Visitor: 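Quick one: this structure, given as structure tokens, is what I'll be asking you about.
The figures here come from the full heavy-atom set of this structure, side chains too, leaving out hydrogens, waters and symmetry mates. In what follows, every chain begins at residue 1, and chains take the letters A, B, ... in the order their sequences are listed. Fair warning: this is a prediction, and the values are worked out from it, not measured in the lab.
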Protein chains: 2
Amino acid sequence: MTESVRPRNRRGEGARLRAEIVDAATALIDESGGDALTLRAVARRAGISAPSIYAHFDDLGAVADAVLARGFDELTAAITDATSAAEDPVDRVIAIGLAYVRFSRANPARYRFMFASDGYSPDAVRAYEVLRQAIADCVEAGRSSSEDPHLDTWMVWAALHGAATLEKPGRPELLRLGALDRPRLLADMIRRLARIAP
Amino acid sequence: MTESVRPRNRRGEGARLRAEIVDAATALIDESGGDALTLRAVARRAGISAPSIYAHFDDLGAVADAVLARGFDELTAAITDATSAAEDPVDRVIAIGLAYVRFSRANPARYRFMFASDGYSPDAVRAYEVLRQAIADCVEAGRSSSEDPHLDTWMVWAALHGAATLEKPGRPELLRLGALDRPRLLADMIRRLARIAP
DNA sequence: GCGCGTAAGCTAACATCTGTAAATCGAAAG
DNA sequence: CTTTCGATTTACAGATGTTAGCTTACGCGC
């Protein structure tokens, strides 16, 4: 159960443990959810002693914040990647939405943890701004009949967040959507909210 | 901090404590979130000793389940109330959606707790079925151009759930939607997803 | 090659909380 | 007065965040 003995970092490389702690905390949340995030569990997982964490973080909350920050960074990266991969503005909006839900499905526990934290990080808003721009581009290109991209972005965001949250790690799906073309379902949902004609 | 001494129940009325325990647990979650739900906190809040809970519940999980069950009952009740209050099928769908989000905004912490539990209770599906029927009614009345009410219901549900979850108890709103006509925003969102013409 | 400062991390201990088991008390009902 | 329900006190074994103090080994200056 315990990790094998961890070799001590070289001199000057002490900061490397910081990243390892965040790794451990992230893995912990991914595997067992936010409740499993305890200082001692993180330490066990990282192969260090609990007090060693205090050299790099003020307290457990600071570790959690670091996990959050990394999560939002990953989410933002996934979304910006999707953005730059598509040329057509409509494709771009769809790609963003799919990337969003894909992230949440790939990291369900962490996603929940991220959005269960008090007050979303400003990083969340960064991703939101990307979506907003993409929808505005659709309007400018005459592909969306949206009259208020701000509001419509909110709707799309809410719907994506709902789709992301509704599907749990646990198998028993709320609705029988198993045999369904999920990307198409999400794409339809986005198009309707962003007022993009099929 | 401790509640005043609770008078012991009469003989044969022992089951009344069960309800008081659920009351206490519910209040606890409403005020401080799911993490605050500990056996001892519930006992303090109910004005009893911790082991007294075992007379009515197998363990802490059973208490949590009872809170969940009550929550889903309340949600279902709010939704069926909204359903029967509206004559017009379109009004009905909108009313259901507004009732849903209203519930989540009235009980944010409990709502989160409910949907953070592993595997939604079948009660959630009951409420879903009401929405599905309402949308099907719109189609039958020629008010919705939905081609697959099942899928569209899923979309509406997801969007409502997202709208419900996106707004946190903590003040810092993700998006500046303060001065906005929220019911109208939600109604628009629902109409678009359920393919109901304005 | 050799100290030796210091970075990197450890062990021990604390106060407090947790869920739960066992045994017990007290008052109301018959 | 006795039974029995409704609850209590006590105790446990383990977990948690955090503090204080100690150890070890790396790498620079000599």
Visitor: In whole angstrom, what separates B:D35's CG from C:dT18's C1'?
Guide: 13 Å

Visitor: Using salt bridge (Lys or Arg N to Asp or Glu O under 4.0 Å) as the criterion, list what pairs up with A:R143, not counting sequence neighbours.
Guide: A:D88

Visitor: Listing request: all side-chain hydrogen bond (donor to acceptor under 3.5 Å, both in side chains) pairs with a residue in residues 27-36 of chain B, at least two apart in sequence or in separate chains.
Guide: B:D30-B:R110, B:E31-B:R45

Visitor: When you check the phosphate oxygens OP1 and OP2 of C:dG9, does a side-chain N or O of A:S49 lie under 4.0 Å from one of them?
Guide: no

Visitor: Checking A:D65 now: which residues fulfil salt bridge (Lys or Arg N to Asp or Glu O under 4.0 Å) with it, not counting sequence neighbours?
Guide: none

Visitor: Between atom CD1 in B:I53 and atom P in C:dT18, what is the gap in whole Å?
Guide: 12 Å

Visitor: With sequence neighbours excluded, what pairs up with A:R40 under the side-chain hydrogen bond (donor to acceptor under 3.5 Å, both in side chains) test?
Guide: none

Visitor: Suppose the criterion is ring-ring contact (aromatic ring centres under 6.0 Å, His included): which pairs have a residue in residues 81-100 of chain A, not counting sequence neighbours?
Guide: A:Y100-A:Y111, A:Y100-A:W157

Visitor: Quick one: B:I48 CD1 to D:dT8 P, roughly how many Å, whole number?
Guide: 6 Å

Visitor: Does B:D73 form a salt bridge (Lys or Arg N to Asp or Glu O under 4.0 Å) with B:R126? I'd like the steps, not just the answer.
Guide: CA-CA 10 Å; B:D73 282 351; B:R126 269 201 287 149; 3.3 Å; yes

Visitor: Sugar-phosphate atoms are those with a prime plus P, OP1 and OP2; base atoms are the rest. Using that split, label each nucleotide of nucleotides 11-20 of chain D B, S or - for protein heavy atoms under 4.0 Å, 5' to 3'.
Guide: B----BBBBB

